[in-house]
Amino acid sequence: MGQGQDTLTLVTLEEIRAAAARVANVIVHTPLVQAPFQGLGDRKVFLKAESLQPIGSFKLRGAANKILQLSPDEVKRGVITYSSGNHAQGVAYAARAVGAKAVIVMPSNAPAIKKAATLALGAEVVDVGPASSERLAKAEELIQQYGYVVVPPYDDEKIIAGQATCGLEIVEALADVDLVLSPVSGGGLLSGTATAVKLLKPGTKVYGVEPELAADSAESFRTGKIVTWPAELTSRTLCDGLRTQSLGERNFAHIQQFVDGIITVSEAEVRAAMRAIVATARLVPEPSGAVTTAALLFHSHELPPFKKAAAIVSGGNVDPRQLAEVLTEAN
């Protein structure tokens, strides 16, 4: 284990169940949609449709779990976060539910659709450059200036417990699931989902999936220590939700404990997976949400054998022009 990680406390099943009860009136208990992709034989694939959350992604789970535990004084001070879009909307939505001001530090390359949605939820948006480090530095500056309460995108126990409710729902809905796939970037969804799944069903395999153009998590998992990739590299991928430059420390501790492997997919595979999801399951995925399907369609040789797999479609906030381009290009 990396330095200091043995001192980090892992989220418990009790905390995950408490999070599920806490956020029940804010989030949607999303369905598992069966996707009869070609070539599966007698194996079944179910898509966990987090694209159907009120903000179009799973990020509402963690943001709600964190914000619903703020004290009245903290609500009065307002909240701040740094995000490429989906977490921003989660924070803005949950802050609005408790009557708190929300300030979002966003990268200049965030999709316009995500920025517009965040503004529509009543948040204040502050633009910075594309690097994760720039977002963090600006947020810290504003916290010093105004006393905002930070709602981190992933490296936080309450965020992890909130995202873990996704894994809890998967196991409750599909008791005999033997493989669960989650996108990974900062590690909030994967760390939470893996923790819930393994605490409930230790025999179920859990894999993370990320773009090969932003494969810091796969490298970190392989080497046993957190690796950081520069923004110039991670920002190459179409998967704007998976451009984080490194895993969070708390997330990595959970991933090392509960995740069986992390595999990478190509940009062409992500685009093909987006088409397959739309055609087969009638769901609208953003690129980041399609990586798990890409892994099942193109990298089954890297995955353990399974009878029933659940692949998380983490979000559906895709630019309409980008979606049209992907759906109409030659296969």
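Remember, it's a predicted structure, so these values are computed and weren't measured experimentally. The first residue of the sequence shown is numbered 1, and numbering continues consecutively from there.
- In this structure, V26 and A64 approach most closely via the heavy-atom pair CG1-CB, 4.1 Å.
- Nearest heavy-atom pair, P130 versus P107, reported as atom, atom and distance to 0.1 Å: CA-CB, 4.1 Å.
- In this structure, E141 pairs ionically with K138, as a charged nitrogen and a carboxylate oxygen lie closer than 4.0 Å.
- Not a single donor-acceptor pair under 3.5 Å links the side chain of Q256 to the backbone N or O of A253.
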Applying side chain to side chain donor-acceptor pair (under 3.5 Å), run through E325 and Q322 and close with a yes or a no. CA-CA 5 Å; E325 179 195 307; Q322 184 185 72; over 6 Å; no

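- Counting only heavy atoms from C-beta outward, the side chains of Y148 and V79 never approach each other to under 4.5 Å.
- Looking only at distances, no side-chain donor or acceptor of E219 sits under 3.5 Å from a matching main-chain atom of A215.
- The shortest distance between side-chain heavy atoms of R222 and I262 does not fall below 4.5 Å.
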Go through the steps for K115 and D127 under the test salt bridge (charged side-chain N to carboxylate O under 4.0 Å, His left out), then give the verdict. CA-CA 10 Å; K115 187 173 178 178; D127 288 310; 2.7 Å; yes

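- Looking at heavy atoms from C-beta onward, V75 lies out of side-chain contact with I67 at the 4.5 angstrom threshold.
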Please walk me through it: do D260 and K198 pass salt bridge (charged side-chain N to carboxylate O under 4.0 Å, His left out)? CA-CA 10 Å; D260 295 292; K198 289 289 190 177; 2.8 Å; yes

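- When hydrophobic clusters are built by joining Ile, Leu, Val, Met, Phe, Trp and Tyr residues whose side-chain heavy atoms come closer than 4.5 Å, directly or via intermediates, L181 is not grouped with Y154.
- One hydrophobic cluster, built from ILVMFWY side chains closer than 4.5 Å, holds both L32 and L200.
- Not one N or O on the side chain of D216 forms a donor-acceptor pair closer than 3.5 Å with the backbone of W229.
- The backbone N or O of I277 lies less than 3.5 Å from no partner atom in the side chain of T280, so there is not a single donor-acceptor pair.
- Under 4.0 Å is where a charged nitrogen must lie from a carboxylate oxygen, and between D156 and R250 no such pair does.
- For the pair L10 and Q257, the minimum side-chain heavy-atom distance is below 4.5 Å.
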Apply side-chain contact (heavy atoms from CB on, under 4.5 Å) to residues E212 and S266 and explain how you reach the verdict. CA-CA 6 Å; E212 62 187 27; S266 73; 3.7 Å; yes

For V184 and L242, run side-chain contact (heavy atoms from CB on, under 4.5 Å): C-alpha distance rounded to whole Å, both residues' side-chain angles, the deciding distance at 0.1 Å, then the answer. CA-CA 7 Å; V184 58; L242 304 179; over 6 Å; no

Give the C-alpha distance, both sets of side-chain angles, the deciding distance and a yes or no for side-chain contact (heavy atoms from CB on, under 4.5 Å) between Q163 and T193. CA-CA 7 Å; Q163 317 306 24; T193 296; 5.7 Å; no

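- Annotation: side chain of K205 is not in contact with side chain of V180 (no heavy-atom distance under 4.5 Å).
- Heavy atoms only, all atoms of each residue included: P183 and L190 are closest at O-CB, 3.9 Å.
- Under a cut-off of 6.0 angstrom, the local environment of CD in Q145 is crowded, with over 12 non-hydrogen atoms contributed by other residues, nucleotides or ligands.
- Considering all non-hydrogen atoms of both residues, I263 and Y207 come closest at CG2-CD2, 4.3 Å.
- Y146 and V128 fall within a single hydrophobic cluster, where Ile, Leu, Val, Met, Phe, Trp and Tyr are joined by side-chain heavy atoms under 4.5 Å apart, directly or via other members.
- Salt-bridge formation is not detected for the pair K201/D178: no Lys NZ or Arg NE/NH1/NH2 atom is positioned less than 4.0 Å from an Asp or Glu carboxylate oxygen.
- In the hydrophobic cluster analysis, where Ile, Leu, Val, Met, Phe, Trp and Tyr join through side-chain heavy atoms closer than 4.5 angstrom, L121 is grouped together with I104.
- Without hydrogens or angle criteria, R43 side chain to L40 main chain gives a donor-acceptor distance under 3.5 Å.
- Using a 4.0 Å cut-off between charged nitrogen and carboxylate oxygen, K307 and D42 do not count as a salt-bridge pair.
- In this model, a donor atom of one side chain and an acceptor atom of the other lie less than 3.5 Å apart for E286 and N86.
- V126 and I80 end up in the same hydrophobic cluster when Ile, Leu, Val, Met, Phe, Trp and Tyr side chains are linked at under 4.5 Å.
- Between A35 and A281, the closest heavy-atom pair is CB-CB, 4.3 Å.
- Looking at S182 and I312, their side chains come closer than 4.5 Å, going by heavy atoms from C-beta outward.
- Taking the six-membered ring where tryptophan is involved, the planes of H299 and H301 are essentially parallel, since the angle between them stays under 30° and well short of 60°.
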Determine, stepwise, if the pair S217 / E210 fulfils side chain to side chain donor-acceptor pair (under 3.5 Å). CA-CA 8 Å; S217 302; E210 71 181 342; 3.2 Å; yes

Could you go through T30 and K48, starting from their C-alpha distance and side-chain angles, then the distance that decides it, and tell me whether this counts as side chain to side chain donor-acceptor pair (under 3.5 Å)? CA-CA 7 Å; T30 57; K48 179 65 168 163; 3.0 Å; yes

Would T195 and L199 count as a side-chain contact (heavy atoms from CB on, under 4.5 Å) here? Give the steps. CA-CA 6 Å; T195 303; L199 290 176; 3.7 Å; yes

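- Salt-bridge check for R275 with E329: passed, with a basic side-chain N closer than 4.0 Å to an acidic carboxylate O.
- The minimum heavy-atom distance linking I159 with G62 is given by the pair CD1-O, 3.4 Å.
- The cationic atom of R61 (NZ for Lys, CZ for Arg) does not lie both less than 6.0 Å from the six-membered ring centre of F58 and within 45° of the ring axis.
- For the pair T81/P153, a side-chain contact is recorded, criterion being any heavy-atom separation below 4.5 Å from C-beta on.
- Side-chain polar atoms of T237 and E267 form a donor-acceptor pair below 3.5 angstrom.
- A 6.0 Å sphere centred on CG of N25 holds no more than 12 heavy atoms belonging to other residues, nucleotides or ligands.
- Under a 3.5 Å cut-off, the side chain of R236 and the backbone N or O of L233 do form a donor-acceptor pair.
- You'll find the side chain of I160 stays beyond 4.5 Å of the side chain of E15, heavy atoms only.
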